[in-house]
Novice: 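Handing you this structure, nothing more for now.
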Amino acid sequence: MYVFGGQGKNLVVFDDIWAFNILEKTWEKCISRGARPTPRYRATMVAHEDRLILFGGLCQTHNFNDLYVYKIQEGQWINPEISSPWPPIMSGHTATVHGRQMVVFGGHQGKNNIYNDSNDVWVLDLDSFTWKLQETTLTKPSLRHLHFQFHLNDDKLLIVGGSGRGNPPIQDMWLLTMTSPLWTWQKIHIIDDPINGDVELSKINTACIVGQKMIIIGSKMNRNLGYIMGDGTVFAFICDLSHIYDTADPYAKWMEVRELSADAGVLPENLKATWFSSLVFGYWELIHFGGILMGFYYRSNELHFITPI
């Protein structure tokens with residue numbers, strides 16, 4: 001598991017890269033030779049072959065639209081020369097790799113010091129490092145940032161939730177099919193909602209896909225007071241995605257909500273609900289890292305292993 005940058009204590013923003021060995025459960029700070037990126041957070045970083053692709057992000061009030069490639073074996077950063085068109089500066093966007101291209105959606109984008117949320121799809125060819133603004137159907141997700149984007153296969157990705165600037169949290173789900181010159185968006189019906197809107201579907205919480213299930217780790221929301229700041233109880237919200245490919249009426253179905261507690265043997269005692277943490281699946285357990293501890297605004301560097309789900 002590779003981690004780049006982020007915002008730490010006293011709002012210090014980092015530009016280092018770390019590797020976590022999942023089997024040995026050890027950290028190692030990676031060598032950073034070459035054209036090292038400037039410090040940032042809310043960027044995207046994806047893996048492709050033996051490289052990591054870093055794009056965009058934010059440092060205090062400055063957004064970026066630069067692209068960096070980290071060669072893992074050499075420990076070297078490069079800043080490829082890329083022809084136009086070029087995406088605008090952005091943060092809070094998402095990215096996934098499909099075949100030999102990186103697909104970027106949404107985010108808080110800007111030009112000439114004017115910033116707005118987006119629902120554009122940008123595609124980067126990972127061989128030539130050229131960008132294009134992808135044409136999609138007119139029916140599409142609303143403008144958003146801090147949403148989730150999941151790789152389903154080389155032809156499909158899933159967008160879930162997010163935040164619209166100045167608007168309530170977005171709680172919908174969209175499937176993007178990438179098999180023709182005009183890419184197709186389709187809204188996914190969500191049924192059997194056990195949370196009744198009490199959890200925000202955005203990167204304020206954290207999520208990953210395991211098999212055909214989406215798992216969100218986070219806290220419940222008090223509609224009047226915002227996030228519960230008390231004991232920081234952590235929940236796993238589990239959603240079945242096995243029917244999102246149905247041709248007639250695709251849907252996702254919420255299955256259950258589980259409270260994660262030390263008593264249940266699935267969570268260490270010291271994990272409280274956090275904002276903006278990371279969650280990945282590795283070797284039959286969920287790996288939860290970092291975040292902002294709710295109520296105290298303490299930046300965490302703790303690791304937790306959550307099993308079983």
Side-chain angles (χ1 to χ4, degrees), residues 1 22 46-47 94-99 101-106 119 121 136-137 139-142 144 146-162 169-180 182-220 234-260 264 266-267 277-288 305-309:
M1 179 179 75
I22 294 174
V46 299
T94 49
T96 46
V97 172
H98 300 265
Q101 58 188 13
M102 180 177 76
V103 180
V104 175
F105 172 75
N119 59 359
V121 176
T136 67
T137 50
T139 300
K140 63 180 68 176
S142 59
R144 66 190 66 197
L146 296 180
H147 46 280
F148 298 121
Q149 178 171 325
F150 300 111
H151 171 280
L152 300 176
N153 56 44
D154 281 353
D155 298 328
K156 288 181 171 59
L157 63 81
L158 189 69
I159 298 295
V160 178
I170 300 168
Q171 302 286 83
D172 58 8
M173 187 179 295
W174 290 80
L175 181 70
L176 180 62
T177 301
M178 304 172 285
T179 54
S180 64
L182 180 70
W183 289 4
T184 304
W185 285 108
Q186 186 173 21
K187 191 172 184 179
I188 304 298
H189 181 49
I190 303 175
I191 62 174
D192 292 345
D193 185 354
I195 60 179
N196 195 27
D198 289 337
V199 61
E200 185 172 327
L201 301 181
S202 81
K203 287 186 178 177
I204 286 178
N205 293 299
T206 187
C208 69
I209 286 184
V210 180
Q212 293 185 315
K213 295 177 183 177
M214 177 179 68
I215 300 173
I216 295 177
I217 304 296
S219 63
K220 290 185 177 180
V234 181
F235 297 88
F237 305 91
I238 304 172
C239 186
D240 177 17
L241 302 177
S242 61
H243 292 278
I244 62 175
Y245 301 125
D246 292 359
T247 54
D249 183 21
Y251 67 91
K253 182 178 181 180
W254 286 103
M255 299 172 60
E256 58 182 310
V257 177
R258 296 187 191 177
E259 180 177 342
L260 302 181
V266 295
L267 201 66
S277 53
S278 299
L279 188 72
V280 299
F281 181 65
Y283 293 102
W284 311 109
E285 58 188 353
L286 295 172
I287 303 172
H288 181 278
F305 304 91
I306 304 172
T307 182
I309 290 294

Novice: Please enumerate all residues that pass side-chain contact (heavy atoms from CB on, under 4.5 Å) together with Gln212, with sequence neighbours excluded.
Specialist: Ser242
Novice: Just to verify, what does Thr206 make a side-chain hydrogen bond (donor to acceptor under 3.5 Å, both in side chains) with, not counting sequence neighbours?
Specialist: none
Novice: Rounded to the nearest 0.5 Å, what's the gap from NZ on Lys203 to OG on Ser277? Could you check?
Specialist: 11.5 Å
Novice: Who are the side-chain contact (heavy atoms from CB on, under 4.5 Å) partners of Val280, not counting sequence neighbours?
Specialist: Met1, Ile287
Novice: For the NZ atom of Lys213 and the CG atom of Asp240, what is their distance to the nearest 0.5 Å?
Specialist: 7.5 Å
Novice: Could you report the tightest heavy-atom contact between Trp174 and Pro141, atom names first, then the distance?
Specialist: CG-CG, 3.5 Å
Novice: First locate atom OG1 of Thr136, then atom CG of Asn119, and finally report the distance between them rounded to the nearest 0.5 Å.
Specialist: 7.5 Å
Novice: Would you compute the distance between atom CD1 of Ile215 and atom CG of Leu286 and round it to the nearest 0.5 angstrom?
Specialist: 5.0 Å
Novice: Could you list the residues that satisfy ring-ring contact (aromatic ring centres under 6.0 Å, His included) with Trp185, not counting sequence neighbours?
Specialist: Phe105
Novice: Which residues satisfy the ring-ring contact (aromatic ring centres under 6.0 Å, His included) test with His243, sequence neighbours excluded?
Specialist: Tyr251
Novice: Using 0.5 Å steps for rounding, measure from the CE atom of Met255 to the CD1 atom of Ile238.
Specialist: 6.5 Å
Novice: Should the ring pair Phe235 and Phe237 be called parallel, tilted or perpendicular, given that the plane angle runs from 0 to 90° and is split at 30 and 60?
Specialist: tilted
Novice: Under the side-chain hydrogen bond (donor to acceptor under 3.5 Å, both in side chains) rule, collect the residues that match up with Gln186, sequence neighbours excluded.
Specialist: none
Novice: Which heavy atom in Cys208 sits nearest to a heavy atom in Phe150, and how many Å separate them?
Specialist: CA-CE2, 3.8 Å
Novice: Only counting residues at least two apart or in another chain, list the ones meeting salt bridge (Lys or Arg N to Asp or Glu O under 4.0 Å) with Lys187.
Specialist: none
Novice: Not counting sequence neighbours, which residues clear side-chain contact (heavy atoms from CB on, under 4.5 Å) with Ala95? List them please.
Specialist: Thr44, Val46, Met102, Val104
Novice: Mind listing the closest non-hydrogen atom pair of Tyr283 and Ile22 along with its distance?
Specialist: CD1-CG2, 3.5 Å
Novice: Could you tell me the separation between the CE atom of Met173 and the CE atom of Met214, rounded to the nearest 0.5 Å?
Specialist: 4.0 Å
Novice: State, with a plain yes or no, whether a side-chain heavy atom of Leu152 is found less than 4.5 Å away from one of Ile209.
Specialist: yes
Novice: Cut-off 3.5 Å, no hydrogens considered: what does the side-chain donor-acceptor table look like for residues 153-161, sequence neighbours left out?
Specialist:
residue, atom, partner, partner atom, Å
Asn153, OD1, Asp155, N, 2.7
Asn153, OD1, Lys156, N, 2.8
Asp154, OD1, Gly99, N, 3.2

Novice: With sequence neighbours left out, write down each residue that passes side-chain hydrogen bond (donor to acceptor under 3.5 Å, both in side chains) with Ser278, or none if nothing qualifies.
Specialist: none
Novice: Which residues pass the salt bridge (Lys or Arg N to Asp or Glu O under 4.0 Å) test with Asp172, not counting sequence neighbours?
Specialist: Arg144
